[in-house]
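The shown structure was predicted, so the numbers you read here are calculated from the model rather than taken from an experiment.
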Amino acid sequence: MATISRRLASPLDAPAATVLVRLVVGWVFLSEGIQKFLYPERLGEGRFDTIGIPSPGFTAPLVGVVEVACGALLVLGLATRLATVPLIVDIAVAIATTKVPVLWGGSDDIPDGRGFWSFAHESRTDLAMLAGLAFLFLVGPGRLSLDAAIRRRAVG
């Protein structure tokens, strides 16, 4: 783990524009997590049940809490790299359960939706979010973040 942390850039090394990626990715997860509680039948427990996620009464609220907490951390730029890890798992499961079925033969959610082009269309946001999370994990939160402020204070 020490080798990985030495290879990752300091929060102070990331471009200033990183804040834009962090705010957008964080806001999307934060808002989607909140909506799992506001609209449980459509976006929370009901949705998880429809797509076959086990124990939807437990997993949907758990995912909602993870998305709210980690999304908020990204918006603030606090524990940014750590916050990306559960969100990468979250979005990977979302892609595997809702988008890959489109690729391999269709989905009940998408009428006549099957094959590569339907997959490409349906997965565009999820893939962009995954790329944004990977970017934040690799480059860090950027200068305009609480992580960078804490680092500046610690360094002196």
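Rounding to the nearest 0.5 angstrom, the gap separating the NZ atom in Lys36 from the CG atom in Leu62 is 11.0 Å.
The closest donor-acceptor contact from the side chain of Ser123 to the backbone of Asp126 lies at 3.5 Å or more, if one exists at all. Arg124 places a side-chain N or O within donor-acceptor distance of the main-chain N or O of His121, the cut-off being under 3.5 Å. For the pair Arg22 (side chain) and Leu74 (backbone), a donor-acceptor distance under 3.5 Å is present. Remark: the backbone N or O of Gly140 is not paired with any side-chain donor or acceptor of Asp147 at under 3.5 angstrom. Looking at Ser118, its side chain never comes within 3.5 Å of a backbone N or O of Gly115 through a donor-acceptor pair. Between the side chain of Arg143 and the backbone N or O of Pro15 there is no donor-acceptor pair closer than 3.5 Å.
Applying the side-chain hydrogen bond (donor to acceptor under 3.5 Å, both in side chains) test to every pair with at least one member in residues 86-95, sequence neighbours left out, gives no pairs at all.
Both Leu38 and Leu43 are assigned to one and the same hydrophobic cluster, defined by single-linkage of ILVMFWY side chains at heavy-atom distances under 4.5 Å. Under a hydrophobic-cluster definition in which Ile, Leu, Val, Met, Phe, Trp and Tyr are linked whenever side-chain heavy atoms come within less than 4.5 Å, directly or via other members, Val25 and Leu82 are assigned to different clusters. Hydrophobic clustering (side-chain heavy atoms under 4.5 Å, transitive across Ile, Leu, Val, Met, Phe, Trp, Tyr) groups Leu87 together with Ile95. Under the 4.5 Å side-chain heavy-atom criterion for ILVMFWY residues, no single connected hydrophobic cluster contains both Leu20 and Trp27.
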* Asked: Given the rule in the side chain to side chain contact (heavy atoms under 4.5 Å, CB included) test, do Leu73 and Thr80 qualify, once you have shown the distances and angles that lead to the verdict?
  -> CA-CA 6 Å; Leu73 288 171; Thr80 302; over 6 Å; no
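Residues passing the side chain to side chain contact (heavy atoms under 4.5 Å, CB included) test with Thr97 are Ile51, Ile53, Val93, sequence neighbours excluded.
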